[in-house]
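Everything on this sheet refers to the single structure shown next.
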Amino acid sequence: MSENQQNEQVQIKQRREKLNALREETIAFPTDFRRDVIASELLANYGDKTKEELEQEPIRVKLAGRLMTRRIMGKASFAHIQDMSGKIQLYVTRDTLPEGFYNSQFKKWDIGDIIGTEGILFKTKVGELSVRIDAIRLLTKALRPLPEKFHGIADQEIKYRQRYLDLIMSEESRKTFVIRSQIVSYIRQFLTERQFMEVETPMMQTIPGGATAKPFETHHNALDMGLYLRVAPELYLKRLVVGGFERVFEVNRNFRNEGLSSRHNPEFTMLEFYQAYAEYDDLMDLTEEMLRGIAINIYDSTQITYQGEVYDFGQSFDRMTVVESILHFNPELSADHLATREAAVKVAEELTIPIKDGYGLGKVQIEIFEKTVEHRLMNPTFITAYPVEVSPLARRNDDDPHVTDRFEFFVGGREIANGFTELNDAEDQAARFRNQVAEKEAGDDEAMHYDADYITALEHGMPPTAGEGIGIDRLVMLFTDAPSIRDVLLFPHMRPKT
RNA sequence: GGGUUGUUAGCUCAGCUGGUAGAGCACCGCACUUUUAAUGCGAUGGUCGAGCGUUCGAAUCGCUCACGACCCA
C-alpha cells in the first residue's frame with residue numbers, strides 16, 4: 001500500500017492531494033446535481049441561432065460532463081465538456097463566479113474531472129455556440145490524467161484493454177458502438193414487426209448442439225455434472241417451433257473454443273431466427289430486405305463503404321450454388337473435376353489443401369470452395385446447395401439428395417449469414433447425428449453429439465420451417481468499416497496482462 | 001503455429017555505425033477577459049517491456065521470455 005503510493009506518478013499524487021483538500025472542506029463526491037439538457041440538444045436547437053437572437057432571449061441551461069480541454073487566459077477561460085451526446089464549449093470568467101472561486105477552485109481542477117455547470121447560451125466571436133457560466137461545481141475528481149488530446153490513443157492494446165479511455169477520447173469509437181446498438185435494435189424491430197417473438201434459450205447446455213465447433217466446458221457443482229457453453233442456440237429454438245412458437249428469434253452470445261483472429265472472438269453475438277411454413281429462399285429474400293433496411297436506417301443509403309470498397313444492398317443479391325461458384329472462380333475447372341471424390345481430391349491436392357481420408361466428396365468440395373471462392377465473394381452473394389455431409393441440420397434437396405436446401409451469405413469476402421430449410425424428418429436427423437458421432441469418434445472434435453431429446457422433439461412433429469443465423473459482430477464490422485472484430489466488441493478477449 | 005514488426009516521460013513520438021536520454025502535448029509556476037492542438041517565458045518528470053550475454057562502456061549488438069500490431073495457415 002505505502003509502496004504503491006510511493007510509486008504513484010507525480011500527476012496522480014497531485015490530483016490525490018487536491019481530492020484530499022476537497023474532502024476537508026466539502027462533500028467530495030456530491031450526487032445532487034441535475035442537468036436539464038445535453039450538448040447535442042443545444043447544438044441541434046440553438047446552433048443555427050444568431051448572436052443577436054441568443055442575446056435577445058437569454059436561454060439558461062444546466063449541463064454536466066467531463067472536462068476535456070481548457071484554455072485559461074487570465075481572468076477568463078474557455079473549456080469544453082463532453083457528455084454522452086458530444087461536446088460543448090463553456091466560457092468561464094472570474095467575475096461571474098462567487099468571490100475567489102475562479103482562482104481557488106476552477107483553475108485547480110484538472111482535465112478529466114467531471115463537472116456540473118449552469119449559465120446562458122451565447123455565440124463566440126467565431127460563432128461557436130457556448131455557455132456563459134455563472135455557476136459551476138466539481139462533481140467527480142479524476143485522479144488519473146487522460147491520454148494526450150491531439151493524437152489520442154495510438155496503442156491498440158490500450159483501446160481494447162481500457163475501453164473506457166477509448167470511448168472518452170475517440171468520437172469514432174463511440175460512433176461504432178452507437179451504430180452497433182442501432183443495428184441490433186433495428187433487427188429487433190424488423191423481426192418483431194413480422195410477428196417474430198424474441199426468446200432466450202440456455203447458454204449452458206448438457207449437449208452442445210447446433211453447430212460444428214469446439215465448445216467450452218464447465219461444471220455445475222451442486223449437480224456434479226459437466227456443462228458446455230453453447231456454440232449455438234439452434235436446437236432449442238427449433239424445440240420452440242415444435243412447441244408452436246412458429247416465429248422466434250434470439251440475439252445472444254455463442255462461445256466457441258477456437259483461435260482468435262481479426263474475425264474471431266471466443267464469445268460472439270449471433271442472431272438466429274426460425275420461421276415456420278417457409279423455405280430457405282424465403283429467408284434469402286428476408287435477408288436482402290433486412291440488410292437493405294439496416295443500410296438505409298443507418299446511412300440513409302443502400303450503398304456502404306467497407307475498407308475502401310463500395311457495396312450496394314439496393315439491388316437483389318447474386319445467387320449461385322457451391323459448385324457453380326467454384327467453377328466461376330476457377331475457370332480452368334469443369335463440372336467433371338468436382339463430380340467425383342477422386343477428381344475433387346486431385347483438384348484439392350493441386351491447390352495444396354490437406355484432405356483427410358474420412359472426407360467425402362461434399363467435404364472436399366467445401367474445402368476447395370473455402371480456399372478459392374469465399375474470400376473473393378465481394379458483392380453481396382448467396383451461395384446455395386451445400387453438401388449434406390457439411391450440413392447435418394439442413395433439409396435434403398428433393399432433386400439432388402447430395403445437397404441441402406441451404407445458403408450462406410457473403411459480402412466483402414466474409415461469411416455473414418447461414419440459413420436453411422430445417423430438417424424436420426426425425427429419422428433422417430437421427431441418421432445425420434449418428435454420422436456426426438462417427439466422425440467425432442474418428443477424431444473430429446468439432447463434430448456434433450447425438451441429441452436424443454432433440455430427436456424426440458422432432459418426432460412430435462416440427463412444421464416445415466426455415467431458419468437462419470447472422471453473425472452480428474461481422475455485420476457490425478461491415479456497417480462501421482471496422483477491420484477487426486475487436487473494434488466492434490466493447491471488451492474483446494485479451495490475454496491477461498502480466 | 002509461421003513470417004514481418006513494435007514495446008523509450010502520464011500520452012504521441014525521435015534517438016545514426018555502442019559513449020550513460022530528447023521534442024510536442026499533459027502536469028507545475030508566472031503573464032494574459034473571445035480561446036478552440038490558445039499563446040509567451042520558466043521548471044519538474046525516465047532502473048529506455050523483463051532477464052541473460054558480448055563489451056572498458058548497451059536504449060542501441062546477440063539470445064530467451066512477456067505483451068501487442070499486421071500478414072499467412
Side-chain angles (χ1 to χ4, degrees), chain A residues 3 6-19 39 43 51 54-55 66-82 86-97 101-103 106-113 119-134 141-166 168-171 258-264 307 348 351-355 367 370-372 374-375 413 482-487 492-498:
Chain A
E3 196 183 312
Q6 273 171 12
N7 289 344
E8 271 175 359
Q9 296 301 320
V10 179
Q11 283 186 57
I12 298 176
K13 240 182 221 164
Q14 286 164 349
R15 288 175 179 228
R16 221 175 265 282
E17 279 160 18
K18 291 178 189 176
L19 174 60
L43 295 168
K51 212 174 161 109
L54 288 171
E55 274 165 18
R66 191 183 293 275
L67 188 62
M68 295 303 290
T69 62
R70 190 174 42 168
R71 297 167 290 282
I72 299 177
M73 296 160 301
K75 300 179 191 67
S77 298
F78 283 96
H80 277 95
I81 59 165
Q82 176 170 290
K87 289 195 185 82
I88 189 149
Q89 182 168 257
L90 311 180
Y91 182 57
V92 185
T93 55
R94 187 191 67 178
D95 298 339
T96 51
L97 294 178
F101 192 89
Y102 181 79
N103 283 310
F106 174 75
K107 278 165 78 171
K108 293 191 174 151
W109 296 347
D110 293 294
I111 304 297
D113 288 353
I120 307 288
L121 280 184
F122 78 108
K123 282 243 166 134
T124 64
K125 231 198 272 188
V126 292
E128 178 171 349
L129 186 70
S130 306
V131 187
R132 196 186 305 275
I133 296 307
D134 50 45
K141 183 73 199 162
L143 295 176
R144 291 175 183 268
L146 289 175
E148 192 246 19
K149 65 184 171 191
F150 188 61
H151 297 90
I153 305 170
D155 185 344
Q156 282 295 324
E157 191 184 348
I158 293 177
K159 284 172 88 86
Y160 300 146
R161 286 190 194 274
Q162 295 181 274
R163 182 65 88 182
Y164 48 92
L165 284 181
D166 178 41
I168 291 169
M169 299 306 294
S170 167
E171 165 85 42
E258 293 160 3
L260 282 70
S261 81
S262 61
R263 290 183 295 282
H264 298 87
Q307 303 292 294
L351 292 162
T352 68
I353 299 168
I355 296 295
E367 293 289 323
E370 284 176 2
K371 171 97 175 187
T372 63
E374 225 179 81
H375 63 279
S484 168
I485 194 170
R486 292 181 163 188
D487 297 319
H493 182 78
M494 304 287 282
R495 281 166 200 264
K497 188 115 181 152
T498 45

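We name chains A, B, ... by the order of the sequence lines, and we start the count at 1 in each one.
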For this session: Check A:K141 against A:K108 and note the closest heavy-atom contact, atom names and distance.
Result: NZ-O, 4.1 Å
For this session: With the side chain of A:T93 defined as its heavy atoms from C-beta on, choose the nearest nucleotide among B:C28, B:U33, B:C32.
Result: B:U33
Exercise. If we take the P atom in both B:G22 and B:A9, what is their distance in whole Å?
Worked result: 14 Å
Exercise. Is there a donor on the side chain of A:Y91 or the base of B:U33 sitting less than 3.5 Å from an acceptor on the other?
Worked result: yes
Seminar exercise, completed: Between A:Y102 and A:S77, the two heavy atoms sitting closest are OH-OG, 2.6 Å
For this session: Return the value, rounded to whole Å, for the distance between atom CD of A:Q82 and atom P of B:U36.
Result: 20 Å
For this session: Sticking with atom C1', work out how far B:U39 lies from B:G24, rounded to a whole angstrom.
Result: 15 Å
For this session: Between A:K75 and A:T69, just flag the one whose closest nucleotide in RNA chain B comes earlier from the 5' side.
Result: A:K75
Problem set entry | Value rounded to 0.5 Å, distance of NZ in A:K51 from OG1 in A:T124 | 6.5 Å
Exercise. Shortest non-hydrogen contact from A:T93 to A:A76?
Worked result: CG2-CB, 3.8 Å
Exercise. Distance between the C1' atoms of B:C11 and B:A37, in whole angstroms?
Worked result: 14 Å
For this session: Measure the spacing between CD1 of A:I133 and CD1 of A:I81 and express it to the nearest 0.5 Å.
Result: 7.0 Å
For this session: Could you state the atom-to-atom distance from CG of A:D95 to C1' of B:U33 in whole Å?
Result: 8 Å
Exercise. A:K13 NZ to B:G45 C1': how many Å, rounded?
Worked result: 12 Å
Problem set entry | Check against side chain to side chain donor-acceptor pair (under 3.5 Å), A:Q162 and A:Y164 | CA-CA 5 Å; A:Q162 295 181 274; A:Y164 48 92; 2.8 Å; yes
Seminar exercise, completed: Between CZ of A:R70 and P of B:U39 the distance, given in whole Å, is 15 Å
Problem set entry | RNA chain B: 5'-proximal contact among A:H80 and A:L146 (nearest heavy atom) | A:L146
For this session: For B:A21, give its Watson-Crick or G-U wobble partner with both distances under 3.5 Å, or none.
Result: none
Seminar exercise, completed: Rounded to whole Å, CH2 of A:W109 lies from P of B:C27 at a distance of 15 Å
Exercise. For B:A31, which nucleotide is its Watson-Crick or G-U wobble mate, given both distances must be under 3.5 Å?
Worked result: B:U39
For this session: Give a yes/no answer on whether the side chain of A:R486 brings an N or O atom under 4.0 Å of OP1 or OP2 in B:A69.
Result: yes
Problem set entry | Base-pairing assignment for B:G46 (Watson-Crick or G-U wobble, both under 3.5 Å) | none
Problem set entry | P spacing across the pair B:U60 / B:U54, given as an integer number of angstrom | 15 Å
Exercise. What's the closest nucleotide to the A:P145 side chain, out of B:U36, B:G10, B:C27?
Worked result: B:G10
Exercise. Is there side-chain contact between A:P492 and A:I485, with at least one heavy-atom pair below 4.5 Å?
Worked result: no
Exercise. What's the closest nucleotide to the A:D110 side chain, out of B:U35, B:C28, B:G10?
Worked result: B:C28
Exercise. Who is the Watson-Crick or G-U wobble partner of B:C61, with both distances under 3.5 Å?
Worked result: B:G53
Problem set entry | Distance between P atoms of B:C61 and B:U8 (Å, rounded) | 16 Å
Exercise. Rounded to whole angstrom units, what separation is found between the NZ atom of A:K107 and the P atom of B:C28?
Worked result: 12 Å
Problem set entry | Between B:U20 and B:G46 - C1' atom distance, rounded Å | 13 Å
Problem set entry | Aromatic plane relationship, A:W109 with A:F101 - under 30° parallel, 30 to 60° tilted, over 60° perpendicular | perpendicular
Exercise. Quick one: the side chain of A:Q89 and the base of B:U35, do they pair up donor-acceptor inside 3.5 Å?
Worked result: yes
Exercise. So what does A:K18 touch, heavy atoms closer than 4.0 Å: a base, only the sugar-phosphate, or nothing?
Worked result: sugar-phosphate
Seminar exercise, completed: B:C67 -> Watson-Crick or G-U wobble partner, both distances under 3.5 Å, gives B:G6
Exercise. If pairing requires Watson-Crick or G-U wobble contacts with both distances under 3.5 Å, which nucleotide is the partner of B:A14?
Worked result: none
For this session: Can you figure out which of B:U35, B:A26, B:G68 approaches the side chain of A:I111 most closely?
Result: B:A26
Exercise. Which heavy atom of A:Q89 sits nearest a heavy atom of A:S130, and at what distance?
Worked result: NE2-OG, 3.0 Å
Each nucleotide N or O in nucleotides 71-73 of chain B that has a protein N or O under 3.5 Å away: list the pair and distance.
none

Problem set entry | Heavy-atom pair of closest approach, residues A:R70 and A:D110 | NH2-CA, 4.4 Å
Problem set entry | P-based separation of B:G62 from B:U5 [nearest Å] | 11 Å
For this session: Quickly work out the A:R15 CZ to B:C28 C1' distance and round it to whole Å.
Result: 13 Å
For this session: Would you classify A:Y160 as touching base, sugar-phosphate or nothing, given that sugar-phosphate means primed atoms plus P, OP1 and OP2, and contacts are heavy atoms under 4.0 Å?
Result: sugar-phosphate
For this session: Counting Watson-Crick and G-U wobble pairs only, both distances under 3.5 Å, name the nucleotide matched with B:G1, or none.
Result: B:C72
Problem set entry | Interatomic distance at P, B:G68 relative to B:G15, whole Å | 26 Å
Exercise. Which whole-number value in Å describes the distance from A:I72 CD1 to B:C30 P?
Worked result: 11 Å
